Amino acid sequence: MPHVANPPSTDISKTTTEYAWVMTLQWPSGAGFGTSTTFGKYDAIPGTSRLEAYKSIYSLCCAQAGIAHGRGTVMFWSMETELL
């Protein structure tokens, strides 16, 4: 499962909040479309914006799908705290 993290601090276990995320991308491929759904966890340090998390996760998902950054259209995106 992909794990995206911010740069580590001195004691990251006490300074981060863990989020679970899912992202589905679609992109042109030949005469049709390719799709890929990826999920994982994201460790956010205090002050991290949702946009920063989204951009990091989007980059990871494009790389995992083997497509150029910016080529995939996000069809689904969810990010929530890991613990219930």
Side-chain angles (χ1 to χ4, degrees):
M1 172 182 344
H3 194 90
V4 181
N6 282 302
S9 65
T10 53
D11 188 359
I12 195 163
S13 65
K14 294 181 182 178
T15 61
T16 64
T17 302
E18 188 174 67
Y19 291 86
W21 59 266
V22 178
M23 183 177 280
T24 300
L25 298 178
Q26 183 180 57
W27 61 92
S29 179
F33 294 93
T35 59
S36 174
T37 297
T38 308
F39 62 92
K41 294 181 181 179
Y42 183 88
D43 290 328
I45 58 173
T48 302
S49 73
R50 186 172 173 87
L51 181 59
E52 290 171 318
Y54 176 89
K55 287 179 175 182
S56 294
I57 293 167
Y58 177 79
S59 294
L60 172 76
C61 291
C62 285
Q64 293 233 334
I67 60 174
H69 185 272
R71 188 163 182 234
T73 299
V74 177
M75 303 300 289
F76 179 79
W77 157 248
S78 176
M79 185 169 136
E80 300 179 19
T81 54
E82 172 64 12
L83 299 178
L84 300 176

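Predicted, not measured: the structure shown is a model, and the values here were computed from it. Values reported hereafter were calculated over all heavy atoms of this structure, with side chains retained and with hydrogens, waters and symmetry mates removed.
When side chains are defined from C-beta on, Val74 counts as touching Leu25, because their heavy atoms get closer than 4.5 Å.
Ser36 OG to Gln26 CD: the interatomic distance, rounded to the nearest 0.5 Å, is 11.5 Å. Rounding to the nearest 0.5 angstrom, the gap separating the OH atom in Tyr19 from the CD atom in Glu80 is 10.5 Å. To the nearest 0.5 Å, atoms OH (Tyr42) and CD (Glu52) are separated by 6.5 Å. His69 contributes atom NE2, which lies 10.0 Å from atom SG of Cys61 (distance to the nearest 0.5 angstrom).
Contact between Phe39 and Val22 at its shortest, heavy atoms only, is CB-CG2, 4.0 Å. Shortest non-hydrogen contact noted between Trp21 and Thr38 is CZ3-O, 3.3 Å. Among all heavy-atom pairs drawn from Ile57 and Trp77, the shortest one is CD1-CH2, 3.7 Å. Between Trp27 and Ala65, the closest heavy-atom pair is CH2-CB, 3.8 Å.
Between the side chain of Tyr58 and the backbone N or O of Gly72, at least one donor-acceptor pair lies under 3.5 Å. A distance-only check finds no donor-acceptor pair linking the side chain of Arg71 to the backbone of Cys62 [under 3.5 Å].
A side-chain contact (heavy atoms from CB on, under 4.5 Å) with Thr17 is found for one member of Thr81, Leu83, Asp43 and no other, namely Thr81.
Cluster membership check: Met75 does not share its hydrophobic cluster with Phe33, using side-chain heavy-atom separations under 4.5 Å among Ile, Leu, Val, Met, Phe, Trp and Tyr.
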